[in-house]
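One structure below.
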Number of protein chains: 2
Amino acid sequence: MNLEVIEGGITSPKGFISSGISCGIKKNNLQDLALIMSTKFCNCAGVYTKNIVKGAPLLVTKSHLENKTAQAIIINSGNANTCTGEAGIEDAKEMCRCTGEALQIEENNVLVASTGIIGVKLNIDAIKKSVPSLVKKLNKNGCKDAARAIITTDTFTKTLAVELEVGGKSVVIGAMAKGSGMIHPNMATMLSFITTDVNIDADLLDKALKESVRVSYNRISVDGDTSTNDMVLIMANGLAENPIIDEENEDYKIFLEALKILSIELAKMIAKDGEGATKLIECKVINVPGEKEGEILGKSVICSSLVKTALFGCSANWGRILDAIGYSGVDFDINKLEVLMESSKGSILVFKNGNPVDFSSEKSVDILSENTVGIVLNFNSGNSSVCCWGCDLTYDYVKINGSYMS
Amino acid sequence: MNLEVIEGGITSPKGFISSGISCGIKKNNLQDLALIMSTKFCNCAGVYTKNIVKGAPLLVTKSHLENKTAQAIIINSGNANTCTGEAGIEDAKEMCRCTGEALQIEENNVLVASTGIIGVKLNIDAIKKSVPSLVKKLNKNGCKDAARAIITTDTFTKTLAVELEVGGKSVVIGAMAKGSGMIHPNMATMLSFITTDVNIDADLLDKALKESVRVSYNRISVDGDTSTNDMVLIMANGLAENPIIDEENEDYKIFLEALKILSIELAKMIAKDGEGATKLIECKVINVPGEKEGEILGKSVICSSLVKTALFGCSANWGRILDAIGYSGVDFDINKLEVLMESSKGSILVFKNGNPVDFSSEKSVDILSENTVGIVLNFNSGNSSVCCWGCDLTYDYVKINGSYMS
């Protein structure tokens with residue numbers, strides 16, 4: 001597959017425009033309201049948090065996606081509109097209604113997402129007042145504004161666009177996502193929106209999204225807390241004019257592969273930008289009997305507070321890694337296990353044949369001081385391999401989350 | 001039951017002596033070697049970590065306890081003797097051997113426990129050299145020295161003794177424990193040693209220990225990391241001369257009840273003294289269908305980094321509590337749920353009937369500034385209730401665990 005990363009984001013595929021403004025939910029005129037629109041009707045798919053407590057916007061979006069089509073997504077940050085009772089549901093519906101009115105499309109072709117504090121009534125009046133100017137600002141270069149308007153404690157916006165060839169036509173996939181706390185996705189991440197001009201059947205779009213989420217967003221964790229509002233949405237408007245993908249043929253495989261690559265890169269951005277994080281932790285679990293086991297082992301490592309704080313301190317305290325895989329619930333033979341720690345500065349073997357391996361502490365600190373560090377766990381007992389991503393646990397995580405009603 | 005808390009600890013029951021010294025494993029002459037001995041042969045029971053990676057001392061202790069009897073326990077801190085291969089097993093055996101020799105008892109009547117860093121070869125020579133003076137120092141007031149010699153990052157020693165009447169005789173139970181990181185016990189806690197002069201059958205002692213561990217140590221968490229070395233041991237020498245407890249009669253129930261109370265108090269001490277903690281968090285899950293569900297819900301709350309940091313900041317950010325129970329895996333009706341936050345300063349209702357309840361932020365900060373705070377989750381859907389204990393997540397947790405090879 002010939003895949004190229006291109007400038008842009010959600011507005012890079014043909015037919016997509018977007019905008020982002022401040023409507024007054026966040027303080028200090030920070031942007032907090034975003035809109036994505038396709039000029040052509042789209043096949044759509046979504047995956048949602050498995051948290052039993054679900055945000056009102058998820059319930060409304062799910063119901064609007066029953067027919068697997070939509071044309072616009074409105075998103076606010078600063079308030080999750082969750083645990084807000086019946087009034088919350090009405091507010092989420094109202095966001096779709098007034099957006100539909102301003103765009104002159106049916107309200108159930110508008111999807112809605114929210115992120116921010118839980119349990120506080122949404123300022124729906126502020127949103128209603130601002131939707132007309134949000135619509136007026138829709139434009140082909142609006143992906144940066146939209147990406148900025150959906151973030152909360154993120155320190156950078158997360159957008160990506162890739163171009164590839166499907167069925168002899170150029171296809172573009174664009175995306176934006178946001179973190180950066182309450183990140184431990186289970187069937188979805190905090191928020192991610194993907195646009196594409198590929199021509200694809202709605203059921204296959206759904207299948208491709210689920211498969212790509214499984215190997216990307218579902219393999220990251222910032223703090224172990226699965227949000228109530230996790231949602232990934234994808235819109236495909238067909239404007240690339242490739243022969244429609246309506247079976248799992250070569251074109252489907254190419255599109256799925258590109259979607260996976262894009263999703264993994266966005267997931268890594270979310271992990272790297274975890275609240276307070278100074279580094280991305282990449283845990284490579286190799287040669288295990290199955291992907292499921294690999295995922296459990298890898299997640300146990302990236303979720304361990306002790307591993308996370310050790311890496312913040314650039315300490316190769318590998319005993320904590322062995323502890324984390326030991327309580328993961330997966331059985332393994334410790335005598336077959338090899339543990340390496342690595343970065344662009346090199347690698348050190350720390351455990352093999354059931355015994356510690358001596359290493360230079362100077363070299364280990366040097367390796368672990370990089371802003372991307374890897375933990376390689378070779379179980380030598382199967383053919384599956386899995387990668388999971390997390391971040392370190394730092395003073396700033398405590399600072400960000402330890403302030404009043406942060 | 002008439003239960004009285006008395007001065008002392010593991011040496012309070014008749015026939016127990018102990019000692020604690022510095023042997024040189026820890027720096028700066030800190031105490032790191034402890035010994036407990038009963039003048040009379042004991043029925044013993046143990047529960048151990050469910051971590052697949054198990055410390056060498058656990059394997060040796062388990063094998064020495066096959067006959068359910070022992071007379072002494074030797075414990076070192078500063079080194080966990082875990083992931084140290086065959087040499088680690090030999091070192092753990094050697095600790096029992098040299099202790100047995102000095103005490104003139106068989107080596108398999110000596111149990112062994114270790115806590116500290118994982119993956120570093122134990123300095124067995126230092127221990128061997130010091131065992132004779134450790135034995136020489138055994139005395140009836142040695143419980144303080146022993147309690148000090150088993151701690152690692154703990155900020156205070158954890159001992160307790162209670163007196164009760166069983167079968168017309170005064171029975172004493174003493175205990176000591178240590179935390180304070182890698183605390184998320186699964187069938188045992190980091191380390192806890194219980195002594196008693198009660199006269200009880202070995203199988204019933206084992207049963208009582210397991211039952212008391214289930215409702216105490218297994219309901220606390222400091223950082224979600226289940227240690228490789230968790231172990232709780234109990235020794236009963238029968239010197240109280242009560243009629244032997246060899247069936248689940250009234251005497252058994254009284255003893256079990258006292259053991260539970262003692263274990264819960266020690267578990268709470270461990271949670272309160274979690275690494276870097278400023279407060280004890282008590283999560284009361286009430287009116288749920290079963291204890292199992294209650295435990296899962298309660299643990300999900302006390303393990304949430306976002307709940308822990310919020311409480312560090314005295315923030316009544318109850319949305320994070322709802323998030324944590326929502327991803328716990330237990331199904332519930334959010335409309336029946338009532339959430340309260342409380343301390344000795346009073347309580348506030350924050351959620352009811354599926355909706356937020358207004359509260360004074362000033363009052364909430366006042367309540368949550370206490371060093372023991374409670375979260376009460378009333379699910380109004382059953383007759384079981386469970387309490388779990390944790391602590392807040394603070395800058396100091398990161399500091400303690402983020403330094404090189406801490």
Which atoms of A:Asp392 come close to chain B, meaning under 4.5 Å heavy atom to heavy atom: side chain ones, backbone ones, both, or neither?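 For A:Asp392, no heavy atom lies under 4.5 Å from chain B.
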
A:Phe332 portion near chain B, given a 4.5 angstrom heavy-atom threshold: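 Both backbone and side chain of A:Phe332 come within 4.5 Å of chain B.
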
Sort out for me which of B:Ala87, B:Ser305, B:Ala80 touches chain A most, counting heavy-atom pairs under 4.5 Å.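 The answer is B:Ser305.
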
What residue in B:Asp323, B:Val307, B:Val350 has the most heavy-atom pairs under 4.5 Å with chain A?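 Among the listed options, the one with the most contacts to chain A is B:Asp323.
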
Show, in sequence, the C-alpha distance, side-chain angles and deciding distance for A:Ile118 and B:Leu322, and conclude whether the side-chain contact (heavy atoms from CB on, under 4.5 Å) test is met. CA-CA 9 Å; A:Ile118 297 173; B:Leu322 265 79; 5.5 Å; no

Among A:Ile325, A:Asp331, A:Thr82, which has the most heavy-atom pairs under 4.5 Å with chain B?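 Top count of heavy-atom pairs under 4.5 Å with chain B: A:Asp331.
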
Using non-hydrogen atoms only, which part of B:Ile334 is less than 4.5 Å away from chain A: side chain, backbone, both, or neither?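 Side chain only.
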
Please determine whether side-chain contact (heavy atoms from CB on, under 4.5 Å) holds for the pair A:Arg320 and B:Asn401, giving the CA-CA distance in whole Å, both sets of side-chain angles, and the decisive distance to 0.1 Å. CA-CA 11 Å; A:Arg320 296 178 180 179; B:Asn401 290 299; 3.2 Å; yes

Flag the pair A:Tyr397 / B:Leu393 as yes when at least one side-chain heavy-atom distance between them is below 4.5 Å, and no otherwise.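 When only atoms from C-beta onward are counted, B:Leu393 and A:Tyr397 do touch, with a gap below 4.5 Å.
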
Start with the C-alpha distance between A:Asp396 and B:Tyr395, add both sets of side-chain angles, then the distance that settles side-chain contact (heavy atoms from CB on, under 4.5 Å), and finish with yes or no. CA-CA 8 Å; A:Asp396 280 352; B:Tyr395 295 113; 5.9 Å; no

A quick test of your reading: do over 12 heavy atoms of other residues, nucleotides or ligands sit less than 6.0 Å from [atom1] of [X]?
X: B:Lys352; atom1: NZ; answer: no
X: A:Lys93; atom1: NZ; answer: no
X: A:Lys121; atom1: NZ; answer: yes

CG-SG distance between B:Asn355 and A:Cys83, expressed to the nearest 0.5 angstrom: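 That separation rounds to 9.5 Å.
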
Any chance you could measure B:Thr394, atom OG1, to A:Lys399, atom NZ, to the nearest 0.5 Å?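 Atom-to-atom, B:Thr394:OG1 and A:Lys399:NZ are 15.0 Å apart.
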
Checking side-chain contact (heavy atoms from CB on, under 4.5 Å) for the pair B:Thr228/A:Tyr327: CA distance, chi angles, key distance, verdict? CA-CA 8 Å; B:Thr228 53; A:Tyr327 64 68; over 6 Å; no

For A:Thr84 versus B:Pro356, what's the shortest heavy-atom pair and its separation?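 Scanning both residues completely, I find the closest heavy atoms to be CA-CD, 4.2 Å.
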
